[in-house]
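Every chain is numbered from 1 and lettered A, B, ... according to where its sequence line falls, protein lines coming before strand lines. Side chains are part of it too, since the values below use all heavy atoms of this structure and drop only hydrogens, waters and symmetry mates. Note that the structure is a prediction, hence the values are computed from the model and not measured.
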Number of protein chains: 2
Amino acid sequence: MADTAPDVAEPTLEEQIAAYQREFQGLDPQVEKIVSALSRLNRRMNVAYGRQTAGLGISNAEWEVLKALVLSGAPYRLGPSDLAKRLGLTPAAMTHRIDRMVAEGLVTRERDESNRVRVIVELTPEGREKWLEAMRLATVFEEDLLQDLTPAERAVLGEVLTRLLRRVEDAQPDAGGRLSDLD
Amino acid sequence: MADTAPDVAEPTLEEQIAAYQREFQGLDPQVEKIVSALSRLNRRMNVAYGRQTAGLGISNAEWEVLKALVLSGAPYRLGPSDLAKRLGLTPAAMTHRIDRMVAEGLVTRERDESNRVRVIVELTPEGREKWLEAMRLATVFEEDLLQDLTPAERAVLGEVLTRLLRRVEDAQPDAGGRLSDLD
DNA sequence: TCTGAAGACTTCAAAGCTAAAGTTCGAAGC
DNA sequence: GCTTCGAACTTTAGCTTTGAAGTCTTCAGA
């Protein structure tokens, strides 16, 4: 029998924290618990979103673009570089992604006639409809996820997360946010 | 002057929620606040981790592998498919990633002589050292991030996040977690 | 008007990932 | 013992993203 257990189970959050404490002296288990749970939770949520959007015939990547355009408000237009900044992509990646979405009829791309260097990406009615369908699924999932939290817990959670977010956003003013978005 | 504002600012969390409410009837702003903050926070944290590991000469992707191996406990060995499951990658991607890490001396790869179908990936002392350095930076960052939270807030946050995590993990038992890990 | 510089996007090559098709080895049935 | 099935990894082809180099347009100055 090998030293490498024949069936190495995925560690639970609790096991993971315990292992970290064994391997790294001076670790605050409470901090680690918060950070690890946050990371894992986010991954699971993205898997769930991915499943839902896949069912609608669009990728998670495309949904990100739809969201950014809708958030910009009517007439739902943004330039490729604005989109790239919001999504944390390079302009090159944005060019390709827009290519695909134009081919699928989710957005249109045209030159800005008032400044011919710029390009305008605009949501099509089909794109808006896809966003709406995805949004309906997403909100159902989100409500279900938070279902067991009391009103007080929701309030604290929202407030505390917002505070943490403000802290990192101030620290990384807008730092060209490249770099892998793992976990 | 174009309709597309010349300088479209990245929306703040509050602006984002407000925009969603305008565009989607019946949205619970509190739920959306929690979900959006979670997602944004996670992205920012990954950018921060990426910066730190890059400073150590390893990628965020490599750090993930080091973490999984250390978490498995001494003698820090796992098979490629175990690693792939933990990181949410395909076996093929794992093969390539291990190739690179072997070339950099972070891990070794050898056949399991007791079962020659299996392969054993083992952390090298250099790999362990890199993990330790990354861990030191990560914990400093994490302590700093949570610095303004009261003990009560930390307790609630940890408990609530754990509860949410349990809820999704039960719902997606271990669903081959493929699918994009965006955001 | 012409020139130079900067900005916005695109193109190209290379890295890293997925999906699907191999390989190789071990275990079970005949 | 031979065959077949299944498991664990690797290989191959195609796609998405990155980084760097290019193209086109605008603007400011000579």
Send over the distance from B:Glu64 CD to C:dG16 P, rounded to a whole Å. 15 Å
Phosphate contact (C:dG26 OP1 or OP2) by B:Arg116 side-chain N/O below 4.0 Å: no
With heavy-atom distances below 4.5 Å as the criterion, would you say the side chains of B:Leu69 and B:Arg77 are in contact? no
First encountered from the 5' end of DNA chain D, between A:Val117 and B:Ser81: B:Ser81
Round to the nearest Å and state the distance from B:Met94 atom CE to C:dC17 atom P. 9 Å
If the threshold is 4.0 Å, N to carboxylate O, is there a salt bridge linking B:Glu153 and A:Arg163? yes
Output the rounded distance in Å from NE2 (B:His96) to P (D:dT11). 8 Å
Does C:dC9 have OP1 or OP2 sitting under 4.0 Å from an N or O in the side chain of A:Arg118? no
Reckon A:Arg109 has a side-chain N or O less than 4.0 Å from the OP1 or OP2 of C:dA8? no
Strictly below 4.0 Å, N to O, side chains only: are A:Arg136 and A:Glu143 in salt-bridge contact? no
Looking at A:Arg100, does any N or O in its side chain come under 4.0 Å of the phosphate oxygens OP1/OP2 on D:dT16? yes
Does B:Glu169 come within less than 4.0 Å of A:Arg40, counting only side-chain N to carboxylate O? yes
B:Arg97 CZ to D:dT11 P: how many Å, rounded? 18 Å
Expressed in angstrom and rounded to an integer, what is the separation of A:Asn115 atom CG from C:dA6 atom P? 18 Å
Nucleotide D:dC15, atom C1' - distance to CG of A:Leu89 in whole Å: 15 Å
Nearest-angstrom distance from the residue atom CZ of A:Arg111 to P of D:dT26: 9 Å
In whole angstroms, how far is the P atom of C:dC9 from the CD1 atom of A:Ile98? 8 Å
